[in-house]
**Student:** 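Right, I'll just put the structure down here and ask away after.
Residue numbers start from 1 in every chain, and the chains themselves are labelled A, B, ... in the order their sequence lines are given, proteins ahead of strands. Hydrogens, waters and symmetry mates play no part in the numbers below; they use all other heavy atoms, side chains included.
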Amino acid sequence: MLPDSLSPQLAALVEDIPRNGDWIYEIKFDGYRLLARVDGGEVTLFTRDGKDWTAKLPAQADAIRELGLENAWLDGEIVCLDSHDVPNFQLLQKAIHDHRSRDLVYFLFDLPFLNGSDSRQVPLRERRALLEEVLSVTTPGILRYSAPLEQPPQQLLDGACRLAMEGIIGKRIDAPYAGTRSDSWIKLKCRRRQEFVIGGYTEPKGSRKFFGALLLGVYEAGRLRYVGRVGTGFDREVLHATYKQLNALEQAKNPFDHMPPDVRKAEVHWVKPRLVAEISFAEWTDDGLLRQAVFHGLRVDKPATGVQREEAILATRIKVTHPERVIDPAEGLTKLDLVRYYERIADRMLPWLRDRPVYLLRCPEGVLGEHFFQKHTNRTFIPGIKTLDPALDPGHEPLMVIDSVEALAGAAQMGAIELHTCNATADRIERPDCMVFDLDPDPVLPWKKVVDGTRLLRVVLDELGLASFLKTSGGKGLHVVVPLARRHDWDEVSAFSQAVARHLATTLPKHFSAKMGEKNRVGKIFIDYLRNKRQASTVAPWSVRARPRLPVSVPMHWDALDGIIHAGQWTIAALPSLDDDPWKDFGSTRQTLSKAMKKALGID
DNA sequence: TAGCGGA
DNA sequence: TCCGCTAGTACAGTC
DNA sequence: GACTGT
Ligand SMILES: [Mn+2]
Ligand SMILES: [Mn+2]
């Protein structure tokens, strides 16, 4: 009997090409795994986790139907081939977004059920013969048979890596179809390789001479971050030569920004972070550490301070149209300048963007041209952008999330100069995780008054017991942000912020207004608490503003407040030092709005 | 900006 | 293939 | 009820 669902066989990750057994090899498709269920005339397409994608891929469903099978389960991968016939994941995402299923190719590689019989127990060799026969009635186009590659596996792997593909898949020709991860299917991944700074070494153990492992790091925002150790890849001679160089650089102080978690103080020697090592490794772990690092030599030609984590994403740099278009006539800044800024600032900015809806202020003709605000994906496709469950904003296209350099630069390519974020994360959208006070001064108010007013707001928040963080707006005023535990709902946070604004406007009516509108803030600062409404948003930290000179909203230390001379003081061309992060404690500050605070503000 | 329909 | 057209937020607050 | 600022 034909099952309603089928769990696909997955490949186990292995390090080495197997020596025993009969294997066939295929390229590791850069696409989505797709299973097809045929029952009479009815075809359903399922993703690896069982989502029904039939409606997204009508051309493939039709093509399968035309095979005229009584019933079957077919297994394969849906891909989009680029102009060189190489599967390209980005093109695939775009084609699916655009509903262009005709441009996609469904490579089929297995046939676990056919015409009433369960072929999962028959050897792969026979299943593939059946599959080839089934597909012989159609000319290869939308459906193709994934023919095994003919060269020896090592050659295949080398070739795949040269083409920047992920690796290759091996399958045992005599094995049944396992509905789980199994070692009869293996994946051989391309190893990664880059340079790292040596920040220390450990004592040798046993018969090992000179040192045990090198402690490696990369620079991130001016600090050396530990990424793991490497203890293999050197012969005795290299070991000795490296040791001599390390010895000369020994110092008492740990050069990393944190103590490496996996080394004991007693066994470690720190060195000045000057030496650069070439390392290959299997992959980055989710914690940002190296897996299976191997030493390949010292690099004498590279300065250590330039060593950073190299992202595979850099290979897929987005295409910038009209790079020379001047988007800011005041300074002659171009669209390419904007894209480069966002690429450069991504590491700093992404933590404030990931996990929450982002809204774009798009200015395709630059800061002086018409602009519009975009909350939903609509027709725009930005490579790498994530979409949220449409249920978060019913009756609309999905909301967007940016969590990669690629998507950030892609947004800029789409003419998005400003990025605004929601005060809540997508997973708990009804519980804001911060409260924003947007200080909007009368434009003619002397700057000193703005600084004084901002300090007064801080004092009030301090007295309530709330820590707050400061940033420039990039426009006329400053922003003060209070991190919150995700406990209160929008109405509560909004009412609280309004009460704070009212309190200041009541006690210091010469300085503050709690009412919107130009007339209400003559000679004063309007404390805009309306940023705390459910559908409102605030310009994100590190966002550029769509104003002359392209100013940036920059996070600041409170004790730097007096040094600020203008809210638009920093621009994409002139940023403060990024060495330290003034908001580094933001994430660990979780505060609740207590009864006592509300009482102090007179909220019932 | 880019998708679309029409020329 | 080229060209012109068009969509793209949601509020509270103020007057 | 229209208009405004964000
Ligand atoms: Mn403002
Ligand atoms: Mn405002």
**Student:** For a quick test of reading the model, state the closest non-hydrogen atom pair linking A:Ser473 to A:Arg545 and the distance between them.
**Tutor:** O-NH1, 2.8 Å
**Student:** Determine the Euclidean distance between corresponding C1' atoms of D:dT4 and C:dT9; express it in Å to zero decimal places.
**Tutor:** 15 Å
**Student:** Less than 4.0 Å between a side-chain N and a carboxylate O, is that true for A:Arg431 and A:Asp433?
**Tutor:** no
**Student:** Starting at atom CH2 of A:Trp490, determine the distance to atom C1' of C:dA12, rounded to an integer number of angstrom.
**Tutor:** 15 Å
**Student:** When you measure from the side-chain N and O atoms of A:Arg534 to the phosphate of C:dA12, is any distance below 4.0 Å, counting only OP1 and OP2?
**Tutor:** no
**Student:** Return the orientation label for the A:Phe586 and A:Trp583 ring planes: parallel under 30°, perpendicular over 60°, tilted otherwise.
**Tutor:** parallel
**Student:** List in chain and number order the residues that pass ring-ring contact (aromatic ring centres under 6.0 Å, His included) with A:Phe373, two or more places apart in sequence or in another chain; answer none if no residue qualifies.
**Tutor:** A:His420
**Student:** Would you say that A:Val451 contacts A:Asp562 through its side chain, given a criterion of any heavy-atom pair below 4.5 Å between the two side chains?
**Tutor:** yes
**Student:** When the distance from CG of A:Asp103 to P of B:dG3 is rounded to whole Å, what number comes out?
**Tutor:** 12 Å
**Student:** Does A:Gln535 make a side-chain N or O approach to OP1 or OP2 of C:dC11 shorter than 4.0 Å?
**Tutor:** yes
**Student:** Is the distance from the ring center of A:Phe437 to that of A:Tyr529 below 6.0 Å?
**Tutor:** no
**Student:** Would you indicate what A:Arg325 reaches in the nucleic acid, counting non-hydrogen atoms under 4.0 angstrom: base, sugar-phosphate, or nothing?
**Tutor:** sugar-phosphate
**Student:** Keeping A:Lys335 on the side-chain end and A:Thr321 on the backbone end, is there a donor-acceptor pair under 3.5 Å?
**Tutor:** yes
**Student:** Quick one: does A:Leu57's side chain get under 4.5 Å of A:Leu34's, heavy atoms only?
**Tutor:** yes
**Student:** Taking any heavy-atom pair under 4.0 Å as a contact, classify A:Lys476: base, sugar-phosphate, or nothing.
**Tutor:** nothing
**Student:** Mind listing the N/O atom pairs, protein and nucleotides 4-6 of chain D, below 3.5 Å?
**Tutor:**
none

**Student:** Can you tell which of C:dA7, C:dC11, C:dC15 lies closest to the side chain of A:Lys519?
**Tutor:** C:dC15
**Student:** Any chance you could lay out the side chain to side chain contact (heavy atoms under 4.5 Å, CB included) test for A:Asp403 and A:Asp355, step after step, and finish with the verdict?
**Tutor:** CA-CA 8 Å; A:Asp403 68 354; A:Asp355 306 328; over 6 Å; no
**Student:** For a quick test of reading the model: is some side-chain N or O of A:Tyr529 closer than 4.0 Å to OP1 or OP2 of C:dC11?
**Tutor:** no
**Student:** Hey, is A:Arg531 close enough to A:Asp528 for a salt bridge, meaning N to O under 4.0 Å?
**Tutor:** yes
**Student:** Would you say A:Asn378 places a side-chain N or O within less than 4.0 Å of OP1 or OP2 belonging to C:dT9?
**Tutor:** yes
**Student:** Choosing from B:dA2, C:dA12, B:dG3, which nucleotide comes nearest the side chain of A:Lys533?
**Tutor:** C:dA12
**Student:** Whole-Å distance between C:dG8 C1' and A:Glu418 CD?
**Tutor:** 16 Å
**Student:** When rounded to the nearest Å, what value does the distance between P atoms of C:dA10 and B:dT1 take?
**Tutor:** 24 Å
**Student:** Compare side-chain N and O positions of A:Gln498 against OP1 and OP2 of C:dA12 and report whether any pair is under 4.0 Å apart.
**Tutor:** no
**Student:** Could you state the CD1-P distance from A:Ile527 to C:dG13, rounded to the nearest angstrom?
**Tutor:** 15 Å
**Student:** Near DNA chain B, under 4.0 Å by heavy atom, which residues of residues 358-377 of chain A?
**Tutor:** A:Arg362, A:Pro364
**Student:** Please report, rounded to the nearest Å, how far the P atom of C:dT9 is from the NE2 atom of A:His396.
**Tutor:** 7 Å
**Student:** May I ask you to verify if any side-chain N or O of A:His420 is less than 4.0 angstrom from the OP1 or OP2 atom of C:dT9?
**Tutor:** no
